[in-house]
Structure formats: structure tokens, C-alpha cells
Amino acid sequence: MGFQDFLGNTQTVTHLRESIRAGRFPHSLIIAGPRGAGKYTLALMLAKAVNCLNPTESDGLPDFCGQCSNCLRIDDSANLETLVAEAVEARDGLRETDKRETRILIQTHPDLLIVPPDPPQLLIKLGQVRQVIHVAFYRPRWSRRAPSPSLPLPRL
């Protein structure tokens with residue numbers, strides 16, 4: 001499966017793929033739309049395309065192979081509902097004090113962090129945002145390139 005299997009939003013998908021080809025992919029994106037529009041699927045496809053170890057091309061634009069270790073590990077997060085349900089179940093087994101402090105985060109690949117809305121309110125909580133900020137300073141482990149050396153690293 002590649003970008004040619006993604007239905008809808010052709011112009012947006014083409015623009016994002018062109019930015020991957022140019023090496024100018026944005027550091028963050030907000031993908032918005034109604035439930036079932038393919039936001040999560042597109043986000044996973046983009047993550048695979050950016051991190052693929054054996055990138056291919058389709059329609060003259062970058063695509064992912066779907067076979068390398070990065071693509072397979074990112075693909076493991078495709079069934080988000082199951083992963084969130086497992087995380088919530090694990091959290092329910094904790095002490096009451098720990099439940100309030102534990103936030104739901106999904107990470108099937110060391111360089112990809114998925115932040116689903118935290119049940120039962122289905123909101124992104126402050127603890128999740130803090131964890132994303134903390135993890136954003138890590139250098140990628142398996143990605144094709146590290147961040148620019150000109151970026152200042154946080155002092156500890």
C-alpha cells in the first residue's frame with residue numbers, strides 16, 4: 001500500500017509529498033477533518049514516507065516501501081483503538097494516585113510518538129503535551145537523518 005491507495009485530498013497529499021522530495025517537510029502538522037476522513041491513515045503514511053529506509057517513487061513523488069523495519073514498526077500503530085484500549089486497561093490496574101498521573105501515549109517505533117485523546121474526557125492532557133516536549137529533544141534512533149546540528153540542544 002502506498003499513497004496511490006489513499007482516497008481524497010489529492011492536492012494536499014501531493015503538496016506534502018513534494019515537500020518530502022524537496023527535503024523541506026514541516027516539523028509539525030495539524031491534520032483536521034471529520035471522523036473517518038483518513039487523518040490518522042495519512043499521518044501514518046507520512047511518517048512511513050519520511051522514515052522509510054528504502055524509499056520508492058510513485059507518480060514521480062516519494063513513497064514508502066512498506067517492507068523495511070521502520071515501515072513495519074510504524075504500521076504496527078495502525079490499529080489505534082486496540083492500542084489505546086490496552087493502555088487504558090493497563091492504567092486501570094494501577095493505584096488510584098498513579099492513575100491520575102499516567103497519560104496515554106502510543107509508541108511502536110522509537111522515533112514516533114502517538115498522542116491519542118485521553119479517556120474518559122477524550123482530551124489531550126497537559127501531561128501528554130509535556131511528554132511530547134520532552135521527547136522532541138531526543139535525536140532519532142532509526143530515522144534516516146538527525147536534526148540539524150545548528151539547533152541548540154537543551155541544557156540539563
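All residue numbers refer to positions in the sequence shown, counting from 1.
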Residue pair Asn9 / Leu42, side-chain heavy-atom distance below 4.5 Å = no
Report the residues that fulfil side chain to side chain donor-acceptor pair (under 3.5 Å) with Arg95, sequence neighbours left out, ordered by chain and then residue number.
-> Asp98
Salt bridge (Lys or Arg N to Asp or Glu O under 4.0 Å) with Asp63: which residues, sequence neighbours excluded?
-> none
When rounded to the nearest 0.5 angstrom, what is the spacing between NE2 in His109 and SG in Cys71?
-> 8.5 Å
4.5 Å side-chain heavy-atom contact, Leu29 and Leu46 | yes
If we only count heavy atoms from C-beta on, is the Asp118 to Ile124 side-chain gap below 4.5 Å?
-> no
Excluding sequence neighbours, so at least two apart, what forms side chain to side chain contact (heavy atoms under 4.5 Å, CB included) with Gln107?
-> Leu113
With distance as the sole test, does Asn51 use its side chain to make a donor-acceptor pair with the main-chain N or O of Ala47 at under 3.5 Å?
-> yes
Sequence neighbours left out, what passes side chain to side chain donor-acceptor pair (under 3.5 Å) with Asp5? Give chain and number order.
-> none
Check whether any side-chain heavy atom of Ile114 sits under 4.5 Å from a side-chain heavy atom of Leu83, and report yes or no.
-> no
Cluster question for you: counting only ILVMFWY and a side-chain heavy-atom cut-off of under 4.5 Å, with indirect links fine, are Leu80 and Leu105 together?
-> no
Ala37: partners by side chain to side chain contact (heavy atoms under 4.5 Å, CB included), with sequence neighbours left out = Pro34
One should read off an interatomic distance between Ser77 OG and Leu44 CG, to the nearest 0.5 angstrom, of 5.0 Å
With His134, which residues qualify under ring-ring contact (aromatic ring centres under 6.0 Å, His included), at least two apart?
-> Tyr138
Note, Pro62 side chain near Pro55 side chain (heavy atom, < 4.5 Å) | no
To the nearest 0.5 Å, atom CD of Gln4 lies from atom CG of Asp59 at 7.0 Å
For Gln11, which residues count as a side chain to side chain contact (heavy atoms under 4.5 Å, CB included) partner, sequence neighbours excluded?
-> none
Ile74 backbone acceptor or donor facing Lys48 side chain under 3.5 Å | no
Joint cluster assignment, Leu112 & Val84, ILVMFWY side-chain distance < 4.5 Å = yes
Among all residues two or more places apart in sequence or in another chain, which pass the side chain to side chain donor-acceptor pair (under 3.5 Å) test with Glu96?
-> none
Sequence neighbours left out, what passes side chain to side chain contact (heavy atoms under 4.5 Å, CB included) with Leu126? Give chain and number order.
-> Arg130
Please check if the side chain of Gln128 supplies one atom and the backbone of Pro117 the other of a donor-acceptor pair under 3.5 Å.
-> no
With the 4.5 Å side-chain cut-off for hydrophobic clustering, are Met45 and Phe25 part of the same group?
-> yes
Sorted by chain and residue number, the side chain to side chain donor-acceptor pair (under 3.5 Å) partners of Thr82 (sequence neighbours excluded) come out as Asn79
Name all pairs fulfilling the ring pair (Phe, Tyr, Trp, His ring centres under 6.0 Å) condition that reach into residues 33-76, sequence neighbours left out, sorted by first residue then second.
-> Phe3-Phe64
Are any non-hydrogen side-chain atoms of Arg91 and Ile104 less than 4.5 angstrom apart?
-> yes
Gly33 and Lys39: which non-hydrogen atoms are nearest, and at how many Å?
-> O-NZ, 3.1 Å
Kindly state each residue pair satisfying side-chain hydrogen bond (donor to acceptor under 3.5 Å, both in side chains) with at least one member in residues 12-26, sequence neighbours excluded.
-> Arg17-Ser58
Would you say Leu122 has more than 12 foreign heavy atoms packed within less than 6.0 Å of its CG?
-> yes
Among the clusters formed by ILVMFWY side chains lying less than 4.5 Å apart, do Val129 and Ile106 turn up in the same one?
-> no
